[in-house]
Structures are given as structure tokens and as C-alpha cells.
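Everything below concerns the one structure shown next.
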Amino acid sequence: MKNEKPVLVTRSSLPPYEEYMEMLKPIWESAWLTNMGEFHEKLKEKLRDFMKAENLELFVNGHTALEMAIQAFELEGEVITTPFTFASTTHAIVRNGLKPVFCDIKPEDYTIDENKIESLITPKTCAIVPVHVYGNICNWEKIQKIADKYGLKVIYDAAHAFGEEIDGAGVGSLGDASMFSFHATKVFNTIEGGAVVFKDPELKDRLYQLKNFGITGEESVEFVGGNGKMNEFQAAMGLCNLKYIRQNIEKRKKLTELYRGRLEGIKGIRLVKEQENIAYSYTYMPVLFDGYRLNRDQVYARLKEHNITPRKYFYPCVNAYQCYSSMYHPEDTPVAKKVSQGILTLPLYADLDQETVERICRIILED
Ligand code: T4K
């Protein structure tokens, strides 16, 4: 039976309408709309607490945050990264004048294969940009060892890992810096938005200048910066959404468990095994169809017939994009290529009801 209402891969979490409206009143009174206003500063403090992050700067969106985080390290040369990600990761490297070098991923959790990084290092390598894809945390210990051995920076794309912890520590404590996305489609949203969490407190001024035109005083501009500022409407949305974040993550956890209960152990269907020391935020529900009686595209088509739209995040791999295809070949990262052909992210959001999850699983499993 076709669903009346479409079910999409995700749906933004919103606070009660009146709460957000109430937050807007002081903005009208002060007419202070952007440029590090009161809500911006408040959100920054609250997020530092929630994310257990010592140093944090807010940005207008996750991509700009990543681009500026990379820029802040003043790098030159090659950056080892993963092709199994959203366009943003690679574009941020390229738009900084750096050359991405693609490392394959692991079939177990789709993060960068730390055992393949070292063979890609050349005298030009300056950094590693791994991705905690779907909120699966990279093997940070091994990555850090390699970085220390060769003097490389590690900048994590943690767009999917908001609120996650490893042995009680915020995931932003890994590497030199991490970028988090607060886009409408994420666990926590500020409509559009993002943050950089970083180790060295001295990076604070640099990031601030990069996102504010390099202005250092009323009559001085010392750096060639851009505009990456989060505005007050975004920050207000963040403050409202943050109140509900724990219960939203809990709802996502329950739905994930329900999916797992129905799909785990089915021949040809693979789910990522969770690690015990990690507190997850359940950002996505990726399912790999590998030897199942329907291939990924057939499952996708079947769900679409029922007005349910999962997404093929991340297909194609970045090294198969038109804009990069003259320089790279997806065959060079065979695991990423294979996973991208079999992966489907199923609908997952806090307000999704359990009956819809049951129905999605029935549609996938029925003969
Ligand atoms: N690094 C990684 C690894 C990332 O995944 C991303 C973003 C970034 C960096 C960059 O961070 P940001 O600059 O975006 O902060 C979406 C998101 O736009 C993007 O944030 C996200 N990753 C990516 C994986 O997914 P699209 O093009 O697939 O979005 P779209 O418009 O098709 O929306 C997907 C579904 O979300 C819709 O079917 C319904 C729902 N939705 C969408 C919007 C825009 C809502 O419920 N509300 C909304 O306002 O990229």
C-alpha cells in the first residue's frame, strides 16, 4: 500500500514554534542581527559544555567551517583523505589550493583505512582529513601515531558526529581540529551552521579573523579573511534546539535499535557494528546490501514505490565526480567504490514513528 505522506531520508528537528518566536523578540528590540551577537556568544558557551570542547568557534555553515579550519593551518601540498564522503570534504581541500590524495576505506565501518595511509605519504603530504562518516569514529589512535611520525596535521570532518563521545571525552578532542555541521538535516541544527573545535587556543584568533574579513580593529585589517559568521537567527534556533537534543538523540537511538532488530542477521544485509566505548548520536541509518536477493538500486526503487525516499549517501564516491574524474579513478579505492554501490541510508529522524520503521523493514524484507 502506498504511503499517503512522503517519508524522506530525514526531517529537520524543530523546537515548538512559540519558543522560537519568543527568542526572536530581543532580536527585534536590539536590531542586532549578526556579527557575534548575544545569542551567538550564548550558543558558543552552551555548545562548549555540551560537546566537552575547550576551544570552539561558530560558523555560518559546516562547509565554510571546514574550509576555514584547513586554511587556518596555512598548509601546502597534499592532503590524505577519503573518497567516501559528501562533496564538501574534498571541495574544502581543493578550494584551499591543496591536492587531495584518496585513501581507501574499511569495509567494517566505512571510515578511512588507517593501515593504507602510510603508503600514500610523500614529502609533499601536509595533513590528513579523515571523516567520521555516519558518526562512525575513525581509528584516531593509529591516525595520530602516523601524523606524529610524519609531522602532519589532522583535521577531522566530524559533520556527522555532533555530541558523540569516546570514553567520555568529546569527539572534537581528536586531532588538531574537527568540523561539526549544524545543517537542517543534522542531529542538531542551527538552520545552516557549523563549528570548529580545536586543540591549540592560539588558533582562536586566526579562525575569528578568517570568518570576519581579517578585521582586527576598527581601523585595521591584517588578514585576507572571508565571511563565515553565524547570525542571531541561527544561534537562536540552536539555543532552542539544544534544549531538546538529549531526548532527540534518545528517540533516534530507539529507532536505530528497531531497524537493527529487524535487519540484523539477514543474509546479504550488513550493518555497522557499534563500538562499546563510543556514545553515538545516531545521525544516519546506513545499510549495506551485499549479496542480498535485491541489489541496492532495487531496494531503493521498491521503497520509492511506497513513497519512501532513502538516499544513496555516498554514491558516487568523490573520486568519480565529473569535476575530479580527469585526475582520479574510483578503481584506486575499490572498497569505497563497492560500498558506494551497495549502501543506502534509510529514513531516520527524531519524529519518525516506529510503525513507519516497521513498514520500511517489511518492504525491504518481503518476497
Ligand atoms: N562534510 C560531510 C561529511 C557532510 O555530510 C556535510 C554535509 C558537510 C561536510 C558540509 O556541512 P554543511 O555545510 O552542509 O553544514 C544534505 C545536507 O545539505 C548536507 O548538510 C549533508 N552533509 C548532506 C549529507 O546532506 P542534500 O543535497 O542531500 O540535501 P537535501 O536538500 O536533498 O535534503 C535531504 C533531506 O533532508 C530532504 O529529503 C528532506 C530533509 N530536509 C532538507 C532540508 C534542506 C529537511 O527536513 N529540512 C530541510 O530544510 O545534502
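For ligands, and for the atoms within them, numbers begin at 1 and follow the listed sequence. Only heavy atoms go into these numbers, but all of them, side chains included; no hydrogens, no water, no symmetry mates. Quantities reported herein were computed from a predicted structural model and do not represent experimental measurements.
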Closest protein heavy atom (residue, atom, distance) for [atom]:
| atom | result |
| --- | --- |
| atom 28 (O) of ligand 1 | Tyr313 OH, 2.5 Å |
| atom 44 (C) of ligand 1 | His183 CE1, 4.2 Å |
| atom 22 (N) of ligand 1 | Lys186 NZ, 3.0 Å |
| atom 50 (O) of ligand 1 | Phe86 CZ, 3.7 Å |
| atom 1 (N) of ligand 1 | Asp157 OD2, 2.7 Å |
| atom 43 (C) of ligand 1 | Thr185 CG2, 4.2 Å |
| atom 13 (O) of ligand 1 | His63 N, 2.8 Å |
| atom 40 (C) of ligand 1 | Thr10 O, 3.3 Å |

Atoms of ligand 1 close to [X] [distance to a heavy atom under 4.0 angstrom, numbered from 1]:
| X | value |
| --- | --- |
| Ser88 | 8 (C), 9 (C), 10 (C) |
| Tyr284 | 24 (C) |
| Thr85 | 3 (C) |
| Gly193 | 15 (O) |
| Val9 | 35 (C) |
| Leu8 | 38 (O), 39 (C) |
| Ala184 | 48 (C), 49 (O) |
| Ser181 | 11 (O), 12 (P), 15 (O) |

### Task
Would you give the length of the straight line joining atom CD of Gln209 to atom NZ of Lys204, rounded to the nearest 0.5 angstrom?
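The NZ atom of Lys204 is 10.5 Å from CD of Gln209, to the nearest 0.5 Å.
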
### Query
Between CD of Gln234 and CD of Glu232, what distance do you get to the nearest 0.5 Å?
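Output value for this atom pair is 9.5 Å.
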
Decide whether the shortest distance between a heavy atom of [X] and an atom of ligand 1 is less than 4.0 Å.
| X | result |
| --- | --- |
| Arg311 | yes |
| Phe84 | no |
| Ala92 | no |

#### Entry: Between Glu118 and Tyr150, a side-chain donor and acceptor under 3.5 Å
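Yes - a donor-acceptor pair under 3.5 Å links their side chains.
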
### Message
Evaluate Phe73 against Leu203 for side-chain contact (heavy atoms from CB on, under 4.5 Å), listing each step before the verdict.
### Response
CA-CA 8 Å; Phe73 289 101; Leu203 213 61; 3.5 Å; yes

### Task
Pick out which of Asn136, Thr111, Val287 makes a side-chain contact (heavy atoms from CB on, under 4.5 Å) with Val272.
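For Val272, the side-chain contact (heavy atoms from CB on, under 4.5 Å) test succeeds with only one of Asn136, Thr111, Val287, which is Asn136.
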
### Query
Of the non-hydrogen atoms in Ile137 and His132, which two are nearest, and what is the gap between them?
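The answer is CA-ND1, 3.5 Å.
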
### Query
Minimum heavy-atom separation for Gly163 to Phe50, with atom names?
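Minimum heavy-atom separation between Gly163 and Phe50: CA-CE2, 3.9 Å.
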
### Message
Aromatic contact between His160 and Tyr110, with the criterion being ring centroids under 6.0 Å apart: yes or no?
### Response
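That pair fails the under 6.0 Å test.
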
### Query
Is the distance between the ring centroids of Phe162 and His183 under 6.0 Å?
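Phe162 vs His183: aromatic centres not under 6.0 Å.
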
### Task
Determine the interplanar angle of the Phe314 and Phe86 rings, folded into 0 to 90°, and report it as parallel if under 30°, tilted if 30 to 60°, perpendicular if over 60°.
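Rings of Phe314 and Phe86: tilted, as their planes differ by 30° to 60°.
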
### Task
May I ask you to decide if the ring planes of Tyr280 and Tyr282 are parallel, tilted or perpendicular, using 30° and 60° as cut-offs?
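The rings of Tyr280 and Tyr282 sit tilted, inter-plane angle from 30° to 60°.
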
### Query
Does Lys229 offer a backbone N or O that forms a donor-acceptor pair with the side chain of Asn227 under 3.5 Å?
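Checking the backbone N and O of Lys229 against the side chain of Asn227, a donor-acceptor pair under 3.5 Å is found.
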
What part of [X], side chain, backbone, both or neither, has a heavy atom within less than 4.0 angstrom of ligand 1?
| X | answer |
| --- | --- |
| Val133 | neither |
| Tyr349 | neither |
| His160 | side chain |
| Ser12 | both |

### Message
Looking at atom 31 (O) of ligand 1, tell me if a protein heavy atom falls under 4.0 Å from it.
### Response
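Given the 4.0 Å limit, the answer for atom 31 (O) of ligand 1 is no, no protein heavy atom qualifies.
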
#### Entry: Stepwise side-chain contact (heavy atoms from CB on, under 4.5 Å) check, Thr89 with Val318
CA-CA 9 Å; Thr89 319; Val318 177; over 6 Å; no

### Query
Between Lys211, Arg206, Arg48, which is the residue that forms a salt bridge (Lys or Arg N to Asp or Glu O under 4.0 Å) with Glu57?
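Option passing the salt bridge (Lys or Arg N to Asp or Glu O under 4.0 Å) with Glu57: Lys211.
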
